[in-house]
Amino acid sequence: MLDLESVSFFYKRRLPHLFQQNHPIFITWHMKFELSPLIKNHLYDMRMEFEQSCKTLTQEYKSMLAYNYHKKVFDWIDQQVGISREYPELLKQLDIADIVQESMHFNNNKKYYLHAFCIMPNHVHVLITPYVNPIDYKKTLPSITQTWKGYTARKINQLLNREGAFWNSESYDHLVRDENEFFRIVTYIKQNPVKANLVSKYQDWQYTWVAPEITEQMLL
């Protein structure tokens, strides 16, 4: 991890994203599919609860709380999708998972330092430290995720002889604030297939990868 002075900013689509220059980022994105009515209803309840709790707050303070709220929402969706078998699971196909794995390794040590990733049946977790051009730092993270998604979607659609969006347009990214959180996230990535009852130990999931030096540190 690089210990350099940070520059931070927000950019928004539907989700708020926080990016700090030269700090690790935990990123998750899903295949494009429709969430079940049960999940949609629960998400609506969560949003109403959040809006109600913010009624007496200033807009500035509400915006500060929104980041944690969206993190909670995304974590919950990730858990529900991970344990359910009702959603598409195309990423379990080895030739498709290979395309995703190749895309993440391709720009390692070029656009970012790749710490760890896990390709689940319908979503991907990855932990990187972007290499930032100070002139273009606002474009760095979206450029990386768009490259992953654009390249893999084209290759997968060609492989499957299909058209249309393969990935959900949104990605979730979380700024890693300290070393303890960094190693907690690495553990989360490794254990994701185990928590989803896909394997009994993370080493048995073919598409989990952790940089060797991180594995060594975690064994110390």
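Pairing each heavy atom of Met31 with each of Pro121, the nearest pair is SD-O, 4.0 Å. Of all non-hydrogen atoms in Tyr112 and Ser103, the two that sit nearest each other are OH-O, 3.6 Å. Residues Gly164 and Asn157 come closest through the heavy atom pair O-ND2, 3.0 Å. Of all the heavy atoms in His105 and Phe117, the pair that sits closest is NE2-CE2, 3.5 Å. Of all non-hydrogen atoms in Asn108 and Leu114, the two that sit nearest each other are OD1-N, 2.8 Å. Nearest approach of Trp209 to Pro212, heavy atoms of both residues: CZ2-CD, 4.4 Å.
When atom types are taken as modelled, the side chain of Asn168 and the backbone of Lys32 share no donor-acceptor pair closer than 3.5 angstrom. Between the side chain of Glu181 and the backbone N or O of Arg177, at least one donor-acceptor pair lies under 3.5 Å. Lys190 contributes no side-chain N or O that, together with a main-chain N or O of Cys118, makes up a donor-acceptor pair within less than 3.5 Å. No donor-acceptor pair under 3.5 Å is formed between the side chain of Trp29 and the backbone N or O of Asp173.
Within 6.0 Å of the CD atom in Glu49, the count of heavy atoms belonging to other residues, nucleotides or ligands does not exceed 12.
At a threshold of 4.5 Å between non-hydrogen side-chain atoms, the residues Val176 and His23 do not count as touching. At least one side-chain heavy atom of Thr147 sits under 4.5 Å from a side-chain heavy atom of Asn107. Contact annotation: the side chain of Lys155 never approaches that of Glu102 to less than 4.5 Å [non-hydrogen atoms, C-beta and beyond]. Put simply, the side chain of Pro130 reaches to within 4.5 Å of the side chain of Ile25, judged on heavy atoms. Residues Gln101 and Ile119 form a side-chain contact, since some pair of their non-hydrogen atoms from C-beta on lies under 4.5 Å apart. Residues Phe182 and Leu127 are in side-chain contact: their nearest non-hydrogen atoms beyond the backbone lie under 4.5 Å apart. In this structure the side chain of Thr28 never reaches within 4.5 angstrom of the side chain of Val124, judged on heavy atoms. The closest side-chain heavy-atom distance from Ile214 to Phe183 is below 4.5 Å.
Here the CG atom belonging to Leu159 is positioned 4.5 Å from the CG atom belonging to Asp95, to the nearest 0.5 angstrom. One finds the NE2 atom of His115 at 8.0 Å from the CD1 atom of Ile128 (value rounded to the nearest 0.5 Å). Rounding to the nearest 0.5 angstrom, the gap separating the CG atom in Leu141 from the CD atom in Gln146 is 9.5 Å. To the nearest 0.5 Å, atom CZ of residue Arg154 and atom NZ of residue Lys149 are 14.0 Å apart. Interatomic distance, CD1 of Ile99 versus CD of Gln158, reported as 8.5 Å (0.5 Å rounding). The structure places CG of Leu198 at 7.0 Å from CD of Glu89, a figure rounded to the nearest 0.5 Å.
Scored by the side-chain hydrogen bond (donor to acceptor under 3.5 Å, both in side chains) test, Thr152 finds Trp167 as partners (sequence neighbours excluded). By the side chain to side chain contact (heavy atoms under 4.5 Å, CB included) test, Phe106 pairs with Lys110, sequence neighbours left out. Under the side chain to side chain contact (heavy atoms under 4.5 Å, CB included) criterion, Lys195 pairs with Tyr188, Gln191, sequence neighbours left out. Take Asn161 and apply the side chain to side chain contact (heavy atoms under 4.5 Å, CB included) test, not counting sequence neighbours, and it matches no residue. Leu94 meets the side chain to side chain contact (heavy atoms under 4.5 Å, CB included) test with Gln206, Tyr207; sequence neighbours excluded.
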Applying side-chain contact (heavy atoms from CB on, under 4.5 Å) to Trp148 and Ile27, what does each step give before you reach the verdict? CA-CA 12 Å; Trp148 284 334; Ile27 308 167; 3.9 Å; yes

Derivation and outcome, side-chain contact (heavy atoms from CB on, under 4.5 Å), residues His123 and Asn192: CA-CA 11 Å; His123 63 284; Asn192 216 234; 3.4 Å; yes

Output, in order, the C-alpha distance, side-chain angles, deciding distance and verdict of side-chain contact (heavy atoms from CB on, under 4.5 Å) for Leu160 and Ile96. CA-CA 9 Å; Leu160 300 178; Ile96 294 177; 3.9 Å; yes

May I have the step-by-step check of side-chain contact (heavy atoms from CB on, under 4.5 Å) for His174 and Ile185, ending in yes or no? CA-CA 10 Å; His174 172 71; Ile185 289 172; 4.1 Å; yes

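Members clustered with Tyr44: Met48, by chain and number, using a 4.5 Å side-chain heavy-atom cutoff among hydrophobic residues.
In this structure, Lys111 is not positioned above the aromatic face of Tyr131 in the sense of NZ or CZ being under 6.0 Å from the six-membered ring centre and within 45° of the axis.
In this structure, Phe26 has its ring center under 6.0 Å from that of His125.
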